[in-house]
Amino acid sequence: MPNKFKLIRKNIEKQIIINDDEFKFFSDFLIEKKIEKKDFFLREGEVCNYTGFINHGCLRTFTRSHEGSENVTRFAIEDYWVGDLYSYLTGDVSPYNIEATMDSTVLMIHKNDMEKVYEQVPKFERFFRIIVQRGYIALERRFSIDLSSSALQKYENLLQKFNDIELRVSQKHIASYLGITPESLSRIKKKTYNK
């Protein structure tokens, strides 16, 4: 098995048991894409025809307001899946941009190829159902945290989830994710480091 597939196989095998032939059938459809910092996996207005697995790097998902400000909704690092599930499943255009915050490598699979995998190796349907469920739970949890937590608590939760996020994304993007200004983030960081 090529080295580039080790992390994705480990990710899959956390949820389902697959043999070498089943994994090879799946991995033959994977496309390795290198995305340079500030390049895009997906741009708003495009249909998301691929789901991607981050082998290396970090991507951020964001929308743009009518005024042009960015609203970061998600960060994804190694061992995470990325894409716009709604666009992927419906064929509608996406309102999201998914951009690399550092040079990154993503293993992508087209939704038509994923259907072939489901037909040949049905246990992959179970795997992706679990991934979707976990994503939904994470989204629900984020909404509840955003509604009930202070900016400091949200920042601490982010650091707990991604302990090296500050090395991967700009302070401006972290502030946007937290829903605060960069200046407020600076004050929160001072409080955190002075504890």
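Throughout, residue positions are numbered sequentially from 1 according to the sequence presented. Heavy atoms only: backbone and side chains are in, while hydrogens, waters and symmetry mates are out. Just so it is clear, the structure is predicted and the values come from calculations on it, not from any experiment.
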Item to check | Hphob cluster co-occupancy, Met102 + Met108, side-chain heavy atoms under 4.5 angstrom | outcome: no
Checklist entry - Checking side chain to side chain contact (heavy atoms under 4.5 Å, CB included) for the pair Leu59/Ile77: CA distance, chi angles, key distance, verdict? => result CA-CA 7 Å; Leu59 283 77; Ile77 61 171; over 6 Å; no
Item to check | Partner set under ring pair (Phe, Tyr, Trp, His ring centres under 6.0 Å) for Tyr80, not counting sequence neighbours | outcome: Phe162
Checklist entry - Rounded to the nearest 0.5 Å, what separation is found between the CZ atom of Phe124 and the CE atom of Met114? => result 6.0 Å
Item to check | Joint cluster assignment, Val47 & Leu42, ILVMFWY side-chain distance < 4.5 Å | outcome: no
Item to check | Asp79: partners by side-chain hydrogen bond (donor to acceptor under 3.5 Å, both in side chains), with sequence neighbours left out | outcome: Asn11, Lys14
Checklist outcome for this item: Heavy-atom nearest pair, Glu36 first then Ala100, reads O-CB, 3.6 Å
Item to check | Which atom of Ser104 lies closest to which atom of Cys58, heavy atoms considered | outcome: OG-N, 3.1 Å
Next on the checklist: Could you check whether Asp164 pairs with Arg168 (Lys NZ or Arg NE/NH1/NH2 to Asp/Glu carboxylate O, under 4.0 Å)?
Outcome noted: yes
Item to check | Where at least one partner belongs to residues 89-104, residue pairs that pass salt bridge (charged side-chain N to carboxylate O under 4.0 Å, His left out), sequence neighbours excluded | outcome: Arg60-Glu99
Checklist entry - Has the side chain of Glu119 got a donor or acceptor atom that lies under 3.5 Å from a matching backbone atom of Lys116? => result no
Checklist entry - If every non-hydrogen atom of Glu166 is compared with every non-hydrogen atom of Tyr155, which pair is closest and at what distance? => result OE2-OH, 2.6 Å
Next on the checklist: Run the salt bridge (Lys or Arg N to Asp or Glu O under 4.0 Å) test against Glu44 and tell me which residues pass, sequence neighbours left out.
Outcome noted: Arg64
Checklist entry - When the ring planes of Phe128 and Phe26 are compared, do they come out parallel, tilted or perpendicular, using 30° and 60° as the limits? => result tilted
Next on the checklist: Could you check whether any side-chain N or O of Thr90 sits under 3.5 Å from a backbone N or O of Tyr86, counting only pairs where one atom can act as donor and the other as acceptor?
Outcome noted: yes
Next on the checklist: In this structure, would Tyr118 and Ile12 fall into the same cluster of hydrophobic residues linked by side-chain contacts under 4.5 Å?
Outcome noted: yes
Checklist entry - Just how far is it from atom CG of Leu7 to atom CZ of Phe53, taken to the nearest 0.5 Å? => result 4.0 Å
Checklist entry - With a cut-off of 6.0 Å (strictly less than), are more than 12 heavy atoms of other residues, nucleotides or ligands near CZ of Arg134? => result no
Item to check | Any donor-acceptor pair under 3.5 Å from Thr101 side chain to Val169 backbone | outcome: no
Checklist entry - At what distance, to the nearest 0.5 angstrom, does CG of Leu185 lie from CG of Leu178? => result 6.5 Å
Checklist entry - Are more than 12 heavy atoms from other residues, nucleotides or ligands located less than 6.0 Å from atom CD of Gln133? => result yes
Checklist entry - Can any side-chain N or O of Gln120 pair as donor or acceptor with the backbone N or O of Val117 at less than 3.5 Å? => result no
Next on the checklist: Please check: side-chain N/O of Asn157 versus main-chain N/O of Gln153, any donor-acceptor pairing under 3.5 Å?
Outcome noted: yes
Checklist entry - Are side-chain heavy atoms of Ile98 and Phe62 found at a separation under 4.5 Å? => result no
Checklist entry - Does NZ belonging to Lys123 count more than 12 external heavy atoms closer than 6.0 Å? => result yes
Item to check | Stepwise side chain to side chain contact (heavy atoms under 4.5 Å, CB included) test for Glu46 and Val93 | outcome: CA-CA 5 Å; Glu46 297 176 345; Val93 297; over 6 Å; no
Checklist entry - Glu78 side chain to Gly57 main-chain N or O, any donor-acceptor pair under 3.5 Å? => result yes
Checklist entry - Do Phe41 and Ile35 have side chains that get closer than 4.5 Å, going by heavy atoms? => result yes
Checklist entry - Would Phe40 and Asn97 satisfy side chain to side chain contact (heavy atoms under 4.5 Å, CB included), going step by step from the backbone distance to the final call? => result CA-CA 7 Å; Phe40 289 82; Asn97 296 285; 3.8 Å; yes
Checklist entry - Which residues satisfy the ring pair (Phe, Tyr, Trp, His ring centres under 6.0 Å) test with Tyr96, sequence neighbours excluded? => result none
Checklist entry - Donor-acceptor pair, Ser94 side chain versus Gly45 backbone, under 3.5 Å? => result no
Checklist entry - If you round to the nearest 0.5 Å, how far is CD1 of Ile188 from CG of Leu152? => result 6.0 Å
Checklist outcome for this item: Glu183 meets the side-chain contact (heavy atoms from CB on, under 4.5 Å) criterion, sequence neighbours left out, with Thr181, Arg187
Checklist outcome for this item: In terms of heavy-atom contacts, Gly83 and Cys48 come closest through CA-SG, 4.1 Å
Item to check | Test item: Arg126 side-chain N/O and Gln15 main-chain N/O as donor-acceptor pair under 3.5 Å | outcome: yes
Item to check | Side chains of Asn55 and Val106 in contact at under 4.5 Å (non-hydrogen atoms) | outcome: no
Checklist entry - Taking only residues two or more places apart in sequence or in another chain, which ones pass ring pair (Phe, Tyr, Trp, His ring centres under 6.0 Å) with His110? => result Tyr50
Item to check | Min side-chain heavy-atom separation Thr105-Glu32 under 4.5 Å | outcome: yes
Checklist entry - Under 3.5 Å, is there a donor-acceptor pair linking the side chains of Ser176 and His173? => result no
Item to check | Other ILVMFWY residues reachable from Ile137 by side-chain steps of under 4.5 Å | outcome: none
Next on the checklist: Restricting to non-hydrogen atoms, name the atom on Asn49 and the atom on Tyr88 that form the minimum distance, rounded to 0.1 Å.
Outcome noted: O-CE1, 3.6 Å
Next on the checklist: Holding to side-chain hydrogen bond (donor to acceptor under 3.5 Å, both in side chains), I want the full list of residues that pass it with Ser65, two or more places apart in sequence or in another chain.
Outcome noted: Glu67, Ser69
Next on the checklist: Quick check for you: to the nearest 0.5 Å, what is the distance between Leu107 atom CG and Thr51 atom OG1?
Outcome noted: 11.0 Å
Checklist entry - Of all heavy-atom pairs between Trp81 and Ile8, which one has the smallest distance, and what is that distance? => result CH2-CD1, 3.7 Å
Checklist entry - Would Tyr136 and Val132 satisfy side chain to side chain contact (heavy atoms under 4.5 Å, CB included), going step by step from the backbone distance to the final call? => result CA-CA 6 Å; Tyr136 179 77; Val132 169; 5.5 Å; no
Checklist entry - Are any non-hydrogen side-chain atoms of Ile109 and Ile31 less than 4.5 angstrom apart? => result no
Checklist entry - By side-chain hydrogen bond (donor to acceptor under 3.5 Å, both in side chains), which residues pair with Gln160, not counting sequence neighbours? => result none
Item to check | Lys111: salt bridge (Lys or Arg N to Asp or Glu O under 4.0 Å) partners, not counting sequence neighbours | outcome: none
Next on the checklist: I'd like to know if Lys24 pairs up with Asp21 as an ion pair, taking the criterion as any Lys NZ or Arg NE/NH1/NH2 lying under 4.0 Å from an Asp or Glu carboxylate oxygen.
Outcome noted: no
Next on the checklist: Between Ile130 and Val121, is there shared hydrophobic-cluster membership here, with clusters defined by ILVMFWY side-chain heavy atoms closer than 4.5 Å?
Outcome noted: no
Checklist entry - Of all residues at least two apart in sequence or in a different chain, which pass the side-chain hydrogen bond (donor to acceptor under 3.5 Å, both in side chains) check with Glu13? => result Arg9
Checklist entry - In Å and rounded to the nearest 0.5 Å, what is the CZ to CD1 distance from Phe25 to Ile18? => result 12.5 Å
